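What follows is a single structure, and I will ask about it in a moment.
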Amino acid sequence: MSLKVEDILKKDQFSKEDLVTLLSANKEDCQLIFEKGKNVKAEFVGRKVYFRGLIEYSNYCSKNCFYCGIRAGNSRYARYQMPDEEVLEAARFALDNNFASIVIQSGERSDSKFVSTIEKLLKDIQQLSQGKLHVTLSLGEQSEETYLRWFEAGAHRYLLRIEVSNPDLYKKLHPNDHHHDYNERLNALHLLNKTGFQVGTGVMIGLPFQTLSDLADDLIFFRNLDIDMAGMGPYIEHEDTPLFQYRHELLPLRERFTLSLKMVAVLRIIMKDINIAATTAMQTIDPQGREKALLVGANVIMPNLTPVKYRQSYLLYENKPCLDEEAEECKSCLETRIFLAGDKIGYGEWGDSKHFKARHKE
Ligand code: SAH
Ligand code: SF4
């Protein structure tokens with residue numbers, strides 16, 4: 001017989017069965033999980049939120065993931081790449097506002113022009129900030145050599161979601177070719193770790209064909225990989241994508257949201273000192289989605305610094321929020337919300353993953 005939620009929460013080690021029970025908890029038991037997530041966060045990483053200014057650098061993408069609005073096969077969006085000056089301007093905004101850290105994210109490209117443009121930008125950002133600004137990259141799968149070049153040019157952290165840790169499910173969500181190979185993606189995570197990055201990964205929650213057993217396996221995957229950071233959020237359908245045909249089989253958005261909150265809380269409980277992001281996709285479903293994620297265990301938030309003129313063209317999914325809010329408004333709106341959530345903002349702090357530090361303390 002499986003244990004009750006309150007008994008599972010008293011444990012230190014969690015079996016897969018425990019994780020499935022937690023993820024399937026009813027409303028009342030959910031509150032116990034959320035409360036535990038909140039307490040573990042306060043004890044192990046403190047009630048503090050770190051800002052990472054998000055720069056959605058370009059929507060050119062050479063891949064065709066079945067879920068994503070900016071996939072190469074979608075001709076509806078005008079493609080853009082931010083000019084260097086605009087990236088540096090956003091970096092300066094982050095610096096002036098004491099964010100201490102930015103994320104550069106874009107569609108996946110690995111041509112040599114792209115690789116050297118990013119390398120140059122990283123060096124310019126180092127120079128502009130005199131090393132004060134930490135940079136996280138989220139630019140997809142690249143060669144070991146590229147990862148090393150970007151690391152040496154000043155990037156410290158890298159986000160590469162495994163998307164789903166079940167290889168069979170991965171196949172259903174991606175074209176069946178060597179550009180979309182599960183083992184390549186997994187290998188990229190190992191390469192990033194080897195290069196010296198703080199490595200973040202994550203999954204989408206509520207995808208077609210995905211089960212609670214898959215999500216429990218995702219949590220075990222994170223634990224086995226000993227990740228430093230996680231970014232997870234609900235899957236949100238986009239009408240210009242192949243997966244849209246399965247929209248009637250999905251959990252209602254509200255349930256996808258609650259399930260995402262449970263994933264955040266349970267991950268905090270099983271990996272106490274990692275950084276966990278309160279993602280934009282959570283806010284897409286619930287206007288207070290990110291604050292709710294902070295309350296149950298998340299400790300990182302990514303205010304959008306992308307110039308408003310590009311935001312309509314970086315729609316990974318539908319109904320993305322804040323499409324018309326410039327960085328300044330975005331920041332003050334977030335400050336109020338975080339205050340309401342009861343956390344402090346770690347202004348001027350890099351907010352490195354405590355887990356990464358612990359792993360590298362020899
Ligand atoms: N091209 C890079 C980074 C940009 S995409 C990469 O793929 O790693 C960033 C993330 O957006 C992806 O990892 C995916 O998890 C998320 N995403 C894409 N489409 C989505 C959708 N329809 N709903 C929710 N998240 C989505
Ligand atoms: Fe490209 Fe990333 Fe979207 Fe896949 S998820 S299509 S790699 S931007």
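None of the values given here were measured: they were computed from a predicted structure. Whatever order the structure lists ligands and atoms in, that order sets their numbers, starting from 1.
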Subject >> Any Ser138 heavy atom less than 4.0 Å from ligand 1 >> reply: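 Contact check Ser138 vs ligand 1: positive.
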**OP:** Answer yes when Glu237 and Arg256 have at least one side-chain N-carboxylate O distance shorter than 4.0 Å, and no when they do not.
**Re:**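 Here Glu237 pairs with Arg256 in a salt bridge, since their nearest N and O are under 4.0 Å apart.
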Subject >> ligand 1-proximal atoms of His238, by part, heavy-atom distance under 4.0 Å >> reply: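 Under 4.0 Å from ligand 1, His238 contributes no heavy atoms.
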**OP:** Compare all side-chain heavy atoms of Thr21 with those of Ile8 and state whether any distance is below 4.5 angstrom.
**Re:**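 A side-chain contact under 4.5 Å exists here.
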**OP:** Output yes when a protein non-hydrogen atom is found under 4.0 Å of atom 2 (Fe) of ligand 2, and no otherwise.
**Re:**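 For atom 2 (Fe) of ligand 2 the answer is no, since every protein heavy atom stays at 4.0 Å or beyond.
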Subject >> Arg161-ligand 1 polar pair, N/O distance under 3.5 Å >> reply: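 For ligand 1, there is an N or O atom that lies under 3.5 Å from one belonging to Arg161.
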Original post:
Taking atom CD of Glu108 and atom NZ of Lys63, what is their separation to the nearest 0.5 Å?
Top reply: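 Interatomic distance, Glu108 CD to Lys63 NZ, rounded to 0.5 Å: 4.0 Å.
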Original post:
Does Glu144 pair with Lys194 as a salt bridge, N-O distance under 4.0 Å?
Top reply: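 Here Glu144 pairs with Lys194 in a salt bridge, since their nearest N and O are under 4.0 Å apart.
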**OP:** Quick one: pull up CZ in Phe356 and CD1 in Ile227 and give me the separation to the nearest 0.5 Å.
**Re:**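 Those atoms lie 13.5 Å apart.
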**OP:** Determine whether the side chain, the backbone, both or neither of Gln105 has a heavy atom under 4.0 Å from any heavy atom of ligand 1.
**Re:**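 Near ligand 1, Gln105 shows its side chain, while the N, CA, C and O stay back.
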Original post:
Do any nitrogen or oxygen atoms of Tyr317 come within less than 3.5 Å of a nitrogen or oxygen of ligand 1?
Top reply: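 No, since none of the N or O atoms of Tyr317 sits under 3.5 Å from an N or O of ligand 1.
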**OP:** State plainly whether the residues Glu6 and Lys36 are in salt-bridge range, i.e. N to O under 4.0 Å.
**Re:**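 Not counted as a salt bridge, because no side-chain N and carboxylate O are separated by less than 4.0 Å.
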**OP:** Identify the heavy atoms of Ala230 and Ile274 that sit nearest to each other, and give their distance.
**Re:**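 What the structure gives for the nearest pair is CB-CD1, 4.3 Å.
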Original post:
Any luck finding a side-chain donor-acceptor pair between Ser313 and Asn59 under 3.5 Å?
Top reply: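 Checked: Ser313/Asn59 side chains show no N/O donor-acceptor pair below 3.5 Å.
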Subject >> Per-atom contacts, ligand 1 versus Met204 - under 4.0 Å to a heavy atom >> reply: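 Checking each atom against Met204, I get 15 (O), 17 (N), 20 (C), 24 (C), 25 (N), 26 (C).
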Original post:
For atom 13 (O) of ligand 1, which candidate among Lys63, Glu163, Glu56, Met232 holds the nearest heavy atom?
Top reply: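 Heavy atom nearest to atom 13 (O) of ligand 1 belongs to Glu163.
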**OP:** Select one of side chain, backbone, both or neither to describe which atoms of Arg185 lie under 4.0 Å from any atom of ligand 1, heavy atoms only.
**Re:**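 Near ligand 1, Arg185 shows its side chain, while the N, CA, C and O stay back.
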**OP:** Decide yes or no for Thr306 and Tyr314: does some side-chain heavy atom of the first lie under 4.5 Å from some side-chain heavy atom of the second?
**Re:**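 Not touching, per the 4.5 Å side-chain cut-off.
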**OP:** Examine Tyr314 against ligand 1 and note whether any of their N/O atoms are separated by less than 3.5 Å.
**Re:**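 The answer is no, given that Tyr314 and ligand 1 share no N or O pair closer than 3.5 Å.
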Subject >> atom 4 (Fe) of ligand 2: protein N, O or S atoms that are less than 2.8 Å away, sorted by chain >> reply: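 N, O, S partners closer than 2.8 Å: Cys65 SG.
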Subject >> Gap separating the CG atom of Asp217 from the CG atom of Leu19, nearest 0.5 angstrom >> reply: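 It is 9.0 Å, given to the nearest 0.5 Å.
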**OP:** Starting from atom 23 (N) of ligand 1, find the nearest protein heavy-atom neighbour and note its residue, name and distance.
**Re:**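 Ranking protein heavy atoms by distance from atom 23 (N) of ligand 1, first comes Ile236 N, 3.0 Å.
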Original post:
Which one holds for Pro234 and ligand 1: side chain close, backbone close, both close, or neither close, with close meaning a heavy atom under 4.0 Å?
Top reply: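 Backbone only; the side chain of Pro234 stays clear of ligand 1.
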Original post:
Roughly how far, to the nearest 0.5 Å, is CE of Met204 from CG of Leu316?
Top reply: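 Leu316 CG to Met204 CE: 9.5 Å, rounded to 0.5 Å.
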**OP:** Considering heavy atoms of the protein only, find what lies nearest to atom 11 (O) of ligand 1 and give residue, atom and distance to 0.1 Å.
**Re:**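 Answer for atom 11 (O) of ligand 1: Leu316 CD1, 3.4 Å.
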Subject >> Inter- and intrachain pairs under side-chain hydrogen bond (donor to acceptor under 3.5 Å, both in side chains), touching residues 178-191, at least two apart >> reply: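 Output for this query lists Glu141-Arg185, Glu163-Arg185, Asp177-His180.
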Original post:
Which one of Ala188, Ser106, Gly140 has a non-hydrogen atom at the shortest distance from atom 1 (N) of ligand 1?
Top reply: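 When every heavy atom of Ala188, Ser106, Gly140 is considered, Ser106 comes closest to atom 1 (N) of ligand 1.
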Subject >> Lys41 and Asp273 ion-paired at < 4.0 Å >> reply: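 A salt bridge is absent here (no side-chain N lies under 4.0 Å from a carboxylate O).
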Original post:
Hey, what do you get for CG (Leu219) to CG (Asp18), rounding to the nearest 0.5 Å?
Top reply: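 The distance works out to 12.0 Å.
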**OP:** Pull out every atom of ligand 1 sitting under 4.0 Å from any heavy atom of Tyr67, numbered as shown with elements.
**Re:**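 Those of ligand 1 that fall under 4.0 Å from Tyr67 are 18 (C), 19 (N), 21 (C), 22 (N).
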Original post:
Side chain, backbone, both or neither: which part of Cys68 comes within less than 4.0 Å of ligand 1 when only heavy atoms are counted?
Top reply: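 Near ligand 1, Cys68 shows its backbone as well as its side chain.
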